[in-house]
Amino acid sequence: MRRLIFAVAMLCGISLVAAPAAAAATHNKADAAAGWLARQLTDGERFEADFGGQKFPDQGLTIDTIFAFAAAGVSDTNAGKAIAWLAKPEITTGYVGSGTEAYAGAHAKLLLAAQVRGKDPAAFGGVDLKAGLLSLLTPSGRFSDRSEYGDYSNALTQSLALLALDRTGGAPAPAVAFLADTQCPDGGFPLNFGEATCTSDVDATATVVQALRATGDPVNAGEGTAWLVTKQHPNGGFGFGTAAPNANSTGLAAQALAGHRPAAAVKAREFLRSLQIGCAGAETDRGAIAYDATGLNPSTAPRATAQAILGLARVPLSDLHGGGRPQAPVLACP
């Protein structure tokens with residue numbers, strides 16, 4: 001009978017390739033968001049930036065996506081494809097720099113992504129990411145760009161560098177001390193170093209406190225966490241300065257608050273869920289998280305969703321590891 005069916009199929013041009021398994025349905029908000037995010041990847045592996053109709057690799061957003069998948073513990077198949085794409089030599093060097101150009105933030109972020117995915121950072125895309133990052137450590141303890149275009153390293157650069165190096169034998173003590181010493185008088189941390197007036201920033205503080213906790217400075221991390229709580233809006237969200245709350249800042253803040261300020265973390269997650277597209281939305285949008293209360297914008301939703309997942313999943317950057325469930329779930333709807 002099976003031979004007969006096969007013969008008829010061949011005669012009629014019918015494909016006998018098995019259909020892909022349906023995506024698992026989930027009620028978990030972080031899982032649903034990660035599933036939506038996976039389906040936005042170009043060729044299931046990468047994000048691209050569009051400038052005037054011309055597309056360029058977006059390694060940074062792709063790495064954010066890997067972190068989100070690891071936090072949620074799903075979409076692991078896509079995470080594997082994403083790290084393989086990042087490991088292509090032209091993609092790696094196009095991000096971290098080559099020749100006389102070397103970017104500290106890119107080295108740190110890609111080093112952490114390689115570690116999360118269990119790859120060898122000493123031979124990633126033909127680059128030794130750890131050695132490259134350490135070569136950018138200045139005598140002050142700051143990791144700085146080496147570039148003819150200037151130095152754009154900041155608190156996020158320094159924090160990611162500490163988090164990544166802490167996984168590979170420990171972060172250099174001068175680098176930890178440098179970051180701690182950037183603390184503003186109000187307890188928060190600035191995004192940019194060396195400004196005339198120290199201005200604490202939500203995104204920077206949320207990332208810095210995670211780096212300081214991981215590298216053994218709970219005191220300054222605690223003060224930064226306390227400052228974060230003072231910047232939470234009544235609806236649970238966080239934003240830039242006096243601006244309205246957004247998913248990106250709230251996701252990072254919720255991640256930093258989880259396990260340390262439970263009540264504030266719960267409120268932050270409630271805000272994030274309020275921005276998520278549910279069963280009343282278009283099927284292709286379900287699970288996505290909008291940047292803010294104005295609604296879903298395709299240009300901002302991928303990054304907003306990726307960073308919101310970090311807060312919803314409650315896994316700190318120091319504890320991210322790949323190897324979750326392979327499928328990209330869909331939101332369970334009636």
Side-chain angles (χ1 to χ4, degrees), residues 49 56-64 66-67 83 86-87 89-117 119-183 189-195 198 201 203-215 217 220 224 252 303 307 317-318 320:
F56 299 90
D58 193 337
Q59 293 95 327
L61 180 53
T62 303
I63 295 172
D64 286 338
I66 288 175
F67 293 162
I83 200 68
L86 288 162
E90 69 275 17
I91 300 300
T92 297
T93 56
Y95 185 51
V96 303
S98 60
T100 59
E101 294 288 310
Y103 314 123
H107 271 88
K109 195 170 183 178
L110 190 53
L111 173 58
L112 184 57
Q115 293 165 331
V116 168
R117 291 302 308 171
K119 303 301 180 181
D120 181 6
F124 190 91
V127 175
D128 186 334
L129 295 173
K130 180 179 178 180
L133 177 58
L134 289 173
S135 74
L136 300 174
L137 179 63
T138 66
S140 69
R142 176 179 177 175
F143 289 95
S144 294
D145 296 336
R146 185 172 62 243
S147 172
E148 64 175 291
Y149 304 106
D151 182 8
Y152 291 93
S153 61
N154 56 27
L156 302 181
T157 299
Q158 194 79 8
S159 299
L160 291 171
L162 298 187
L163 285 161
L165 291 171
D166 186 62
R167 295 183 180 221
T168 62
V176 178
F178 177 89
L179 185 59
D181 288 345
T182 65
Q183 191 170 31
F189 290 84
L191 176 61
N192 298 310
F193 301 138
E195 295 187 330
C198 191
D201 175 85
D203 293 33
T205 301
T207 310
V208 169
V209 300
Q210 294 189 65
L212 292 180
R213 284 182 197 138
T215 52
D217 185 356
N220 287 308
L252 295 176
R303 195 178 305 276
Q307 295 188 338
L317 291 169
S318 59
L320 292 181

**Report entry** F143 and T138: CA distance, side-chain angles, deciding distance, side-chain contact (heavy atoms from CB on, under 4.5 Å) verdict
**Finding:** CA-CA 6 Å; F143 289 95; T138 66; over 6 Å; no

Considering non-hydrogen atoms only, spot the tightest contact between [X] and [Y] and give its length.
| X | Y | result |
| --- | --- | --- |
| S153 | D145 | N-OD2, 3.4 Å |
| L111 | L165 | CD2-CD2, 4.2 Å |
| Q307 | D64 | NE2-OD2, 4.1 Å |
| E148 | E101 | N-OE2, 2.9 Å |
| R167 | L317 | NH2-O, 2.9 Å |
| A113 | I63 | CB-CG2, 3.7 Å |

Requested in this report: Mind running side-chain contact (heavy atoms from CB on, under 4.5 Å) on S144 and L136 for me, showing each step along the way?
Outcome: CA-CA 6 Å; S144 294; L136 300 174; 5.9 Å; no

Query raised in the report: Salt-bridged, R142 to D181, with N to O below 4.0 Å?
Result: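 Between D181 and R142 there is no salt bridge, as every charged N stays at least 4.0 Å from the carboxylate O atoms.
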
**Report entry** Salt-bridge contact D58-R303 (side-chain N to carboxylate O under 4.0 Å)
**Finding:**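 Looking at D58 and R303, the cut-off is met.
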
Query - Pair Q183-C198, side-chain contact (heavy atoms from CB on, under 4.5 Å): steps then yes or no - result: CA-CA 8 Å; Q183 191 170 31; C198 191; over 6 Å; no

Report task. Please step through side-chain contact (heavy atoms from CB on, under 4.5 Å) for the pair F124 and L86, ending with a clear verdict. Result -> CA-CA 9 Å; F124 190 91; L86 288 162; 4.1 Å; yes

Report task. Please say whether more than 12 non-hydrogen atoms of neighbouring residues, nucleotides or ligands are located less than 6.0 Å from OH in Y149. Result ->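 No, the 6.0 Å shell around OH holds no more than 12 heavy atoms from other groups.
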
Measure from the side-chain N and O atoms of [X] to the backbone N and O of [Y], and report whether any donor-acceptor pair falls under 3.5 Å.
| X | Y | result |
| --- | --- | --- |
| T92 | P89 | no |
| Q210 | S318 | no |
| S98 | G94 | no |
| Q115 | A164 | yes |
| Q158 | N154 | no |
| K130 | A122 | no |

Query - Sole candidate of T157, D217, V176 that passes side chain to side chain contact (heavy atoms under 4.5 Å, CB included) when paired with L162 - result: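 With L162 as partner, T157, D217, V176 yield a single side chain to side chain contact (heavy atoms under 4.5 Å, CB included), made by V176.
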
Requested in this report: Start with the C-alpha gap between F193 and F178, add the side-chain angles, then the distance that decides, and say whether ring pair (Phe, Tyr, Trp, His ring centres under 6.0 Å) holds.
Outcome: CA-CA 10 Å; F193 301 138; F178 177 89; 5.1 Å; yes

Query raised in the report: Less than 4.5 Å apart, any side-chain heavy atom of T205 and any of V208?
Result: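 Counting from C-beta outward, T205 and V208 never come under 4.5 Å.
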
